[in-house]
Structure formats: structure tokens, C-alpha cells
Amino acid sequence: MSRSEEILNQVFSNVVQNKCIIRDSEPLMEKFVPEAFPNRDDQIRSIAEAVSPVLIGRQPSNLSIYGKTGTGKTAVTRWVLSRLADKAKENSVSNLQICYVNYRILGGPYRIIVELCKQLGIDKINKIPCSGLALGELFDRFREGLDSQKKTIILVIDEVDWCIEKERGKPQGNNLLYDLNRIQLSQSKIVIIGIANRESKEWLDAGTLSTLKTEEVHFLPYNATEIGDILRQRANLALFGAVLDEGSINVCAALAAAEHGDARRALNLLRVAAELAIRRNNKSITEKHVRDAENSIDFDRVIQTLKDLPAHMKALIISVFAIGETKVVDSSQHTTGRLYETYSKLCKQMIMPPLTQRRVSQLINEMEAMGLIHAVSLNLGHYGRTKKITLGVAPSTIIIALEEHPVYGDIIRSHLPFYA
DNA sequence: CCTCCACCGGAAAGCCGGGTCA
DNA sequence: TGACCCGGCTTTCCGGTGGAGG
């Protein structure tokens, strides 16, 4: 058999194999909205009860939905609201509109309002530019447009706790939630549903919290059994009958439950495990595939994070790497001051002006939060206080991620005399 | 007990690129 | 075309901080 034929054979048999394992990959994707939500009866009932007054023309109270990632907050909320919209149509309630925005993705109050104007179709009529206006002016145009539509708007703001990050330090009157809640409408009504990772009293100031008058719905993390239920439900839709055994489901569920009951992670694990099985020409998905999938997901994520770092963060992590690779094993080498020295030299080498120590200290904290480095506060008494900074990922990971880089690649090699 | 080191980290302001408006 | 706005990144300023050394 020729080389070319071998390649063809491989590709074709992979496709045939794929046909034997994955029927439809959609149900394993994050954006898939199922028809049933196992173990979420209470939450479905609470949300439905809270919003249902719109069906008889009454104003529902605001709603605050909170829970960790992958607990089904967004999916359940969107599903309940889409059913509410259907019911409203059946009952000839024609003025209901549901808007959905994600605070973190849109990144700030200005873009949120612009997006809302688009969804409501008032961007054309009231001339809403995508930037350039003063926030107050933008808000006024939004309010006028909204009011003229004579509608009841259910506004879902996902990841709404990010507004604290973005709007920190601004007076209460500049807070988007506060403004939306106090908006003066004569012909329209607006109901705010906030979805957050934390309980609202943890991130919202007391003043806004009390004016919002929200009801709270809590999504508890799934336990391993519940994640197992979800995996079985989705596997039935996505995979062929006998390719997945109970053992693999349990491992998948246990790994995701150990994190914090994240169903999204469990589904991702299952999908990658299925892809591994296909790639290895296996007929079914085994526990080994699931465990390998976990390692591969973690590894890929770190590599991608490193590759995506901005220039100065890359220079910093290379500096931490370089200090760690020097022969002198002395903890005084790992201090902030020493790191700043190394980093400054590196910047000069690259003809890039170094940032100030203050900014670097900020970047160090960010990188610690990302898990790329460890920074432990250290008291050296008369010799001041500092942080001991070490790599949070294996040096080999740094090498793999950055060795292709035109400049950092050389630096990595120069610090590793025996690096081939 | 006081000093002093080597930083930490909050607050505020500056800079810059991308945009609108009259 | 100049005034103005926004958001992100960065600098400047400055008040802590906790324990070894004097």
C-alpha cells in the first residue's frame, strides 16, 4: 500500500470510527440547551413563580440568581424565560420582550446599554453610537427609546457581579444597576434578573441592594450523583448506545464534582474523552480516556494561557523561569526586587521600556491569581519584607509554550545550556 | 523598645487609541 | 476640526507593615 493510500485509509477509518461513537456532538457543547434539567426542579419553580406575573400584566419583582459556574443558572433561566415568552404569546400578551446581556463579555455599562438598544431595536431610531457619548446622554436616549415602545422588558444580566470590578470607585449614581433600577418610565416596565457567582449581598453595596428589592434563587453545586444524571442524559443524545460504561461516567462525574460541582467541566471532559477514543481507534470510551482527557484539557489550557499573555507578563514569567534555572539555589534570589532586576535587564535586551515596580507588583498578583506563579509573603526582619516568587507551572510547560517565540525562545535556550 | 528595610497596595491622575458631535 | 467621552493601561504619590538588628 502506498503512503498516500495509508493516509487516506487512516482518515476514512477515523470518520467511520467517529460514526460509531459520536452520533451528534451538540448535546456535549456548552451552548446546548436541553429539554430537561435534572435536579433543578426547585430553581425552575422559583424563577417561574417570580416572573409569571407578567402573564397577567403585573410587574414582577427583580430577581437575583446566584451559584458557582456550571450549576445551570444561565441555561435554566434562559429556558424558563423562553417558555414564558411562548406562554405570553398563547395568552396574547404581546408587549413582553426578553433581553439577555453578559456583563463580563460586553465589558462595561456603555456597551451593555448599546447592546440593549440593539436588542430592543431602538439603536436606529434614537441614533445610538457604539462609543463617544457621555454615559448620561446614552442612558437618556435608551430611556426615551424604551419608554416609547410601551413594553415590559425582562432584562437578564449575566455575570452581573463583574460590574463591581468595572465600576469600582464610581459614585452610586454611576452604577449601572442602580441607574437601571431607578429608571423613570411612564409607558414601559423593566424587570432585572441578575445572574452572579456570588450572593448579591456579598458584592452589591447596601444602598443599591435595598432599592433593588430582589428575590434570590440559589443554584447549589451539583454532587457527583447529580452530575452523573446529567452526563447520562447528554450521552444518550450524543453517543451511540454501548460506547460509554458506568465506570467512565462515574470517573467523569467524580472529577468534575471534586472541582466544585461544575457540570460544564464534566461535559467537556466527556467530549474530549470521546474524541480521544476516536483518535486512538478504540470502540468505546474508557476510564483511561477520561483521565487522559483531564490531563490534556489542563495542559492545553495552561499552554494557551501562556501564549496569550501580554508582552510584559511574558517577560516576567521568563524572568521567574530564568531565576529558577540559575545554578545558585538561594531563596534570596526569588524576591520581588531580584525579579524586577532580572525583568528590567530582559526588557533592555529586547529594547522594550520596563514598567515601574508598582505596575509589576500588580502583574505579579494577576499572574498568581491565574495560577502561573506562586508568591508567598516573606518577612526578612531588618532586611525588609518581600515576596518569594516561584513558578506555578512546570518549567517544561514554559519551554513548550514559548520556545517558538522569536525572542523568548533564544532566552529560554540561553538559560538551558544542555537544552537540545 | 525603637528603627529601618524592602517592599505592598490604595488612590488618583495621566496617557493613548478609538470613537461621536456640532 | 476641535471639544469631548470612554476604557484600558500605566505612573506617581504615599501611607502602611512586621520582625531582625541595634
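One atom, CG of A:Leu380, and another, C1' of B:dC5, lie 9 Å apart when rounded to the nearest Å. The nearest whole Å value for the distance from the CG atom in A:Leu135 to the P atom in C:dC5 is 11 Å. Taking atom OH of A:Tyr110 as the reference point, atom C1' of C:dG8 lies 16 Å away to the nearest angstrom. Here C:dT10 presents its P atom at 10 Å from CE of A:Met352, a figure rounded to the nearest Å. Rounded to a whole Å, the CG atom of A:Leu138 is 14 Å from the C1' atom of C:dG7. Distance A:Gln362 CD to C:dT10 P: 9 Å, rounded to the nearest Å. Atoms CZ (A:Arg358) and C1' (C:dC13) sit 11 Å apart, rounded to a whole Å. Atom C1' of nucleotide B:dA6 and atom CG of A:Leu339 are separated by 14 Å, given to the nearest angstrom.
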A:Glu366 and A:Gln362: CA distance, side-chain angles, deciding distance, side-chain hydrogen bond (donor to acceptor under 3.5 Å, both in side chains) verdict = CA-CA 6 Å; A:Glu366 284 173 35; A:Gln362 243 171 317; 5.2 Å; no
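Using a 3.5 Å distance cut-off with no hydrogens or angles, the side chains of A:Asp308 and A:Gln304 do pair a donor with an acceptor. A:Asn268 and A:Arg265 form no side-chain donor-acceptor contact under 3.5 Å, judged by distance and modelled atom types alone.
Cation-pi geometry between A:Arg78 and A:Tyr100 is met: the NZ or CZ atom falls under 6.0 Å from the ring centre, inside 45° of the normal.
Within 4.0 Å of A:Glu137, counting heavy atoms only, lies no atom of the nucleic acid at all.
Phosphate contact (OP1/OP2 of B:dG9, side-chain N/O of A:Asn365, threshold under 4.0 Å): present. For B:dA6, the OP1/OP2 oxygens have no side-chain nitrogen or oxygen of A:Thr336 closer than 4.0 Å. For C:dT17, the OP1/OP2 oxygens have no side-chain nitrogen or oxygen of A:Lys387 closer than 4.0 Å. For A:Thr356, a side-chain nitrogen or oxygen approaches OP1 or OP2 of C:dT11 to under 4.0 Å. Between B:dT20 and A:Arg141, no contact under 4.0 Å exists linking OP1 or OP2 to a side-chain N or O.
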Mind listing the side-chain donor-acceptor pairs of residues 343-350 of chain A below 3.5 Å, one per line with the distance, residues two or more places apart or on another chain?
| unit_1 | atom_1 | unit_2 | atom_2 | d |
| --- | --- | --- | --- | --- |
| A:Tyr343 | OH | A:His312 | ND1 | 2.7 |
| A:Tyr343 | OH | A:Leu355 | N | 2.9 |
| A:Ser344 | OG | A:Tyr340 | O | 2.8 |

With a cut-off of 3.5 Å and sequence neighbours excluded, list every side-chain donor-acceptor pair involving residues 51-65 of chain A.
| unit_1 | atom_1 | unit_2 | atom_2 | d |
| --- | --- | --- | --- | --- |
| A:Ser52 | OG | A:Ala48 | O | 3.1 |
| A:Ser52 | OG | A:Glu49 | O | 3.0 |
| A:Gln59 | NE2 | A:Ile190 | O | 3.2 |
| A:Ser61 | OG | A:Glu215 | OE2 | 3.0 |
| A:Asn62 | OD1 | A:Ile192 | N | 2.9 |
| A:Asn62 | ND2 | A:Asn181 | OD1 | 3.3 |
| A:Asn62 | ND2 | A:Leu212 | O | 2.8 |

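Of the candidates B:dA11, C:dG7, C:dG19, C:dG19 carries the atom nearest the A:Asn379 side chain, counting heavy atoms from C-beta on. When the nucleotides C:dC6, C:dT11, B:dC4 are ranked by their closest atom to the side chain of A:His382, B:dC4 comes out on top. For A:Arg385, the side-chain atoms get nearest to C:dT17 when compared with the rest of B:dC7, C:dT10, C:dT17. When distances run from any side-chain atom of A:Leu355 to the nucleotides C:dG7, C:dT11, B:dA6, the shortest one goes to C:dT11.
Shown are A:Trp79, A:Tyr222, A:Phe219; of these, the ring pair (Phe, Tyr, Trp, His ring centres under 6.0 Å) with A:Phe37 is made only by A:Trp79.
A:Arg83 and A:Glu90 are not joined by a salt bridge, as no carboxylate oxygen comes within less than 4.0 angstrom of a charged side-chain nitrogen.
When the nearest nucleotides of DNA chain B are assigned to A:Ser377 and A:Tyr383 by heavy-atom distance, the more 5′-ward of the two goes with A:Tyr383.
End-to-end axis angle for the helix from B:dC1-C:dG22 to B:dA22-C:dT1, using five pairs per end and rounding to 10°, comes out at 30°.
Side chain A:Arg359 to base B:dG9: no donor-acceptor pair is found below 3.5 Å.
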